[in-house]
Amino acid sequence: MPPPTVPFFLTSTTLTPTTKKPQPPPPPCDAQAQAAAAASQASAASASYAARMRLNPHLALRLFDHLLRSGADPDPAAYALALASCARGRDRAAAAQLHAHAAKRGVLASHRRVRGRLVHAYAVCGMLPHARRVFDGGTDNDMFAWNCLLRGYAREGGDADALHDFFARMPSRDSISWNTVLSWCVANGEYGEAIVVFREMLVSQECQPDRVTLVSVVSATAYLGAFALGLWAHAYVIRKGVEVDEKLSSALINMYSKCGFVEGAVYVFENTAVKMSLDTWNAMLVGFTANGCSARALELFTRMESKGLVPNKITFNSIVNACSHGGLVDEGIRYFERMSRVYGIEPDIAHYGCMVDLFSRAGLFEKAGEIIQIMPMEPDASMLKALLGACRTHKNLELGKKVGHRLIEAAPNDHAGYVLLSNIYALDGDWGGVHKVRKLMLDHGVLKIPGSSSVELNGVIHEFISGDKSHSRKRDIYKMLSEICQQLKNTGYTPDTSQVLLDIDDEDVKESSLALHSEKLAIAFGLISTAPGTPIRVVNNLRICGDCHHAIKLLSKIYRRSIIVRDANRFHHFREGSCSCGDYWVKSSI
DNA sequence: CTAGGGTTAG
């Protein structure tokens, strides 16, 4: 809801509510009379209206306006309450007006609580320079003001250096200060940094980490796929008796899911004593879906409904995707229809995208086309990507070429369209087409993203890129790699060079470029640095390529290891020569 | 009831 451009308390002379939906509890039945009463009793009375003012920001500002109009001299508490309302209603203009009043009456200089609230209001309204000026006008700022300003620096689009600088200059930091920085790290993709900051927090001994701290830390380990760190964080929670509420339990479920350890997620889900929110259920559902446990996802959905929980958009997105993954076309249609019929949720583009994915993955391209026809919006790039991927899998070359060109038009800077389209031409044996696409890609200045894979060992993350020679154990790794290649050849495996899209004519070079894919390097490293039988967990930045997928299936059998690869968006649990994805998610190399 | 919390397919 956009904030009104002019504050109510300066423009309106009546007290007719302008908000369509007053927040519960309802506003007082006779607001006008109360406001008049408030005005007549002047500042002494303002505190007695505190409770009511807190409930409704707009009313609070109107009451304050009446105080001013009556010529009263509002006390600091009245300013503080009115400013809190500005903060809640994100009312920039009102904050500025109150600032002017408070400054004129000298309240600002003498009352740090008023100053703190003003810093707060400006910070949450995205007016950092204003917040800074008010803050700098005081000499006795409290932790509240410091933390509010810190939050202002941590806002979206803020300057990271300025944030860190301000944090470092704080005279002292409490858990809220640390948590503000940690959540900034997670929100800005600085997951490794989050771990570093958390370590600094522990070392500083300034304060105890709490459940909010742990949400950020656990989430960072989830993104990194840093399983040992994630386990350590969960152990820390248990050891220190950190309270696990529904947000922390969701984060833990998410962490175990994103590390490919579904049973860990289930453990947290089933054993968390707190009342679980819909988000907790959704986290578990997403965990099952991403790990290819379609049947368990469907069961969980049934359990949700029998408990009387009301599923939301995310629930349906996830459940339709579980159907898509499991090839359960009819069930997917049923859930999609149930969403709007039973729960009144209008499908958004993501839901239509899931349906296109569901149909096209199953080879039902006419059905996928119907969805695109009936939906009230234009297909987006991700929908075209799903469709195009399926065209490749099902060798629907004619449709694939059309969709491919459309995708490149829609997302010219995304390498996915070029890669998929050139795969389609390659399948058709149309090498001229392949080269044209490659040229198009170069013309647009689109770069291939280098593949990278990481393995965690004793809490340290070892990252490899294709053909990487920088690791300290590179000699051992490459020795292992050539042993691996030999073992693979003994089983009759031949490298699948058909979709290597480099401009390479020499088959040998193509083969060796495949052999040096980052996931193979990571697995070679995993095999030589962990005890026999230990599962190897690999985190990939891209989708796994078809050749690696085939090779890793064999390796899991040859070396009797379970190998868990987290891809750009899914998991592959390799065990005894097969993969949990049922070969449904394999993509070509790039 | 003064500040800090993640999650949605491909």
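Labels below follow one simple rule: chain letters A, B, ... track the order of the sequence lines, proteins then strands, and each chain is numbered from 1. Keep in mind that what you see is a predicted model, and the values were worked out from it rather than measured.
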Using the six-membered ring wherever Trp is involved, compare the ring planes of A:His130 and A:Tyr122 and label them parallel, tilted or perpendicular (cut-offs 30° and 60°).
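It falls in the tilted class, 30° to 60°.
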
If you take the centroid of each ring, where Trp contributes its six-membered ring, are A:Phe135 and A:Trp146 closer together than 6.0 Å?
yes

Using the side-chain heavy atoms of [X], tell me which of these nucleotides is nearest: [options].
X	options	answer
A:Asp279	B:dT8, B:dG6, B:dG10	B:dG6
A:Ser183	B:dT8, B:dG10, B:dG6	B:dG6
A:Lys247	B:dG5, B:dT8, B:dG4	B:dG5
A:Cys148	B:dG4, B:dG10, B:dA3	B:dA3

My understanding is that only residues two or more places apart in sequence, or in another chain, count here; which of them pass side-chain contact (heavy atoms from CB on, under 4.5 Å) with [X]?
X	answer
A:Arg296	A:Val262, A:Glu263, A:Val266, A:Phe288, A:Cys293
A:Arg211	A:Val242, A:Glu243, A:Asp245, A:Leu248
A:Tyr267	A:Asn271
A:Ala222	A:Asn254, A:Met255, A:Lys258

Nearest-angstrom distance, P atom, B:dA9 to B:dG5:
22 Å

State whether [X] places a side-chain N or O below 4.0 Å from either non-bridging phosphate oxygen (OP1 or OP2) of [N].
X	N	result
A:Asn282	B:dT8	no
A:Arg151	B:dA3	no
A:Lys258	B:dT8	yes

Distance criterion of 3.5 Å, no angle test: do you see the side chain of [X] paired donor-to-acceptor with the base of [N]?
X	N	value
A:Ser382	B:dG10	yes
A:Asn321	B:dA9	no
A:Asp245	B:dG5	yes

Measure [atom1]/[X] against [atom2]/[N] and give the value in whole Å, please.
X	N	atom1	atom2	result
A:Phe359	B:dA9	CZ	C1'	15 Å
A:Lys313	B:dA9	NZ	P	15 Å
A:Leu150	B:dG5	CG	P	11 Å

Report the C-alpha distance between A:Phe167 and A:Trp178 in whole Å, list the side-chain angles of each, state the deciding distance to 0.1 Å, and finish with yes or no for ring pair (Phe, Tyr, Trp, His ring centres under 6.0 Å).
CA-CA 9 Å; A:Phe167 183 69; A:Trp178 285 98; 5.0 Å; yes

Near DNA chain B, under 4.0 Å by heavy atom, which residues of residues 201-215 of chain A?
A:Asp210, A:Arg211, A:Val212, A:Val215

Neighbours of DNA chain B within residues 184-198 of chain A, by heavy-atom distance under 4.0 Å
none

List the atom pairs, with distances to 0.1 Å, where a side-chain N or O of residues 186-198 of chain A and a protein N or O form a donor-acceptor pair under 3.5 Å, not counting sequence neighbours.
residue, atom, partner, partner atom, Å
A:Asn188, ND2, A:Trp184, O, 2.8
A:Glu193, OE2, A:His164, NE2, 3.4

Qualifying salt bridge (charged side-chain N to carboxylate O under 4.0 Å, His left out) pairs with a residue from residues 311-321 of chain A, counting only residues at least two apart or across chains
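Checked against salt bridge (charged side-chain N to carboxylate O under 4.0 Å, His left out) - neighbours excluded - the pairs reaching residues 311-321 of chain A are A:Lys313-A:Asp348.
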
Which side-chain N or O atoms in residues 148-156 of chain A pair as donor and acceptor under 3.5 Å with protein atoms at least two apart or in another chain?
residue, atom, partner, partner atom, Å
A:Tyr153, OH, A:Arg132, NH1, 3.0
A:Arg155, NH1, A:Val124, O, 3.0

Quick one: label A:Thr315 by what it contacts on the DNA or RNA (base, sugar-phosphate, nothing), any heavy atom closer than 4.0 Å.
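Here A:Thr315 touches no strand at all.
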
